Amino acid sequence: MMQNLSRVRYLSAFLLCTALWSCVSAPTASPHRDIPPVPEITDRVLKQTVQFWSQPPKDNDPYPAAGAITRSNGTVVGTGILISPVHVLTEAHVATAYDNLRWEEYDGKSIAICKMFIHPIDEDISIDHDIAILSLESPSTKKPHTNLFGDDAGDDVESNESLRIVGYSWGLRKLSDPHVFTYYGRLIKEPHVLVLMPVNASVRHGDSGGPVYTEENELIGIVTHFRLLTNGMILDNGCASLEYYQPWVRSIVPKP
């Protein structure tokens, strides 16, 4: 389907939650298991994604504030990042995908989501401002990532700086390998979007809302989407800039 697209276009993460679900999602009967093997029949997307991601050990997880947004049956909808004991930052299309969503941490603990804050410009669930904050029914015991990129006026990131992403595509907790994703810049007409390169690695369904960290473990953004060329090759990956959205986030979750 992707290879027949007639032009370069946004493939919103909302479409990943629908059209691509049956293509790349993991069986719901066995979430959080081993990464599935690459099939004998060449699957460009699956092969590349497995090649560039790894699963961190549960007893030595470098990003404990990251977790999954799930349905009540455990099916993964997307990823999020704990920014206070009771607040999770994610994408709006993830937050509004289903009712009665839950926050599931890497160790399996699950907490009900009781309220959501959708960015006011995102009421139509467009990808232009695809960001949301979720309130948890009870506090998490995990240490939240309380510092956002943009809290400090001196925060800066250089072009081609290595970035790391935590995601839950296929329902599996995955951490991108070093130097797979790099900061490529901002779009002039869309300064709230950060572009991640290279073209041979991509985020997938389930990674939406996942945290994007710099080499210094600064939380620079959250995964939103990717773009394709007409031949199906990945053009770039995108994330929402937390420096851009910092005033809105801090209006709901003040800096501790």
Side-chain angles (χ1 to χ4, degrees), residues 13 53 56 61-69 78-95 103-106 116-117 119 122 129-136 139-169 173-186 190-197 203 206-225 237-256:
W53 297 80
D61 180 14
Y63 301 105
I69 311 297
T79 308
I81 173 73
L82 196 68
I83 58 173
S84 90
V86 292
H87 291 100
V88 171
L89 188 63
T90 187
E91 295 305 317
H93 75 266
V94 171
W103 166 248
E104 184 173 327
E105 295 167 344
Y106 193 25
M116 67 177 69
F117 302 87
H119 192 284
D122 192 60
H129 295 279
D130 191 2
I131 189 169
I133 296 172
L134 306 176
S135 292
L136 302 182
S140 168
T141 58
K142 298 295 183 184
K143 182 179 179 180
H145 191 112
T146 56
N147 292 323
L148 305 180
F149 196 88
D151 282 345
D152 187 335
D155 286 341
D156 192 20
V157 60
E158 297 181 359
S159 182
N160 297 320
E161 181 175 342
S162 178
L163 301 174
R164 303 200 76 179
I165 295 173
V166 182
Y168 273 85
S169 49
R173 171 58 171 263
K174 301 195 289 47
L175 175 64
S176 65
D177 294 337
H179 306 295
V180 169
F181 296 100
T182 58
Y183 173 70
Y184 194 68
R186 295 175 186 267
E190 298 173 287
H192 56 288
V193 175
L194 303 181
V195 181
L196 312 181
M197 298 295 276
V203 298
D207 298 328
S208 295
V212 182
Y213 297 95
T214 66
E215 293 176 324
E216 291 76 29
N217 288 333
E218 295 175 300
L219 184 60
I220 190 174
I222 47 177
V223 174
T224 56
H225 64 279
N237 299 271
C239 73
S241 166
L242 289 188
E243 182 177 21
Y244 180 93
Y245 289 111
Q246 186 265 359
W248 177 75
V249 175
R250 288 306 180 207
S251 71
I252 299 170
V253 186
K255 184 177 180 180

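One-based numbering along the sequence shown. Note that this is a predicted model, so its numbers are computed, not measured.
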Where does the angle between the aromatic ring planes of Y245 and H129 fall among parallel (under 30°), tilted (30 to 60°) and perpendicular (over 60°)? perpendicular
Nearest heavy-atom neighbours spanning [X] and [Y]:
| X | Y | value |
| --- | --- | --- |
| L136 | P85 | CD1-O, 3.9 Å |
| K174 | D207 | NZ-OD1, 3.7 Å |
| P139 | V86 | CA-CG1, 3.6 Å |
| V94 | G78 | CG1-CA, 4.0 Å |
| A66 | V166 | CB-CG1, 3.7 Å |
| T79 | P211 | CG2-CD, 4.1 Å |

Does any donor atom in the side chain of E105 or W103 lie under 3.5 Å from an acceptor atom in the other side chain? yes
Would you indicate whether the side-chain heavy atoms of [Y] and [X] approach each other to under 4.5 Å?
| X | Y | result |
| --- | --- | --- |
| V88 | I81 | no |
| V249 | L89 | yes |
| N237 | V195 | no |
| W248 | I131 | yes |
| I165 | W53 | yes |
| L242 | L219 | yes |

Report the residues that fulfil side chain to side chain contact (heavy atoms under 4.5 Å, CB included) with [X], sequence neighbours left out, ordered by chain and then residue number.
| X | value |
| --- | --- |
| V253 | I83, S84, H87, I133, R250 |
| E216 | E161, T214, E218 |
| P56 | D61, P62, Y106, R173, L175 |

Could you please spell out the steps behind the side chain to side chain contact (heavy atoms under 4.5 Å, CB included) verdict for V157 and I220? CA-CA 9 Å; V157 60; I220 190 174; 3.8 Å; yes
Walk me through it: do E215 and H179 pass the test side chain to side chain contact (heavy atoms under 4.5 Å, CB included)? CA-CA 10 Å; E215 293 176 324; H179 306 295; 4.0 Å; yes
Among Y63, Y183, F181, F149, find the one that has a ring pair (Phe, Tyr, Trp, His ring centres under 6.0 Å) with Y213. Y63
Suppose we screen for side-chain hydrogen bond (donor to acceptor under 3.5 Å, both in side chains). Which residues come up paired with S241, at least two apart in sequence or across chains? R186
Using the test salt bridge (charged side-chain N to carboxylate O under 4.0 Å, His left out), find all partners of D155 that sit at least two apart in sequence or belong to another chain. none
Apply side chain to side chain contact (heavy atoms under 4.5 Å, CB included) to residues H93 and S208 and explain how you reach the verdict. CA-CA 9 Å; H93 75 266; S208 295; 3.2 Å; yes
Does any pair with a residue in residues 141-150 pass side chain to side chain donor-acceptor pair (under 3.5 Å), and if so which ones, sequence neighbours excluded? D107-K142
Given L196 and T182, is the side chain to side chain contact (heavy atoms under 4.5 Å, CB included) satisfied, shown in steps? CA-CA 5 Å; L196 312 181; T182 58; over 6 Å; no
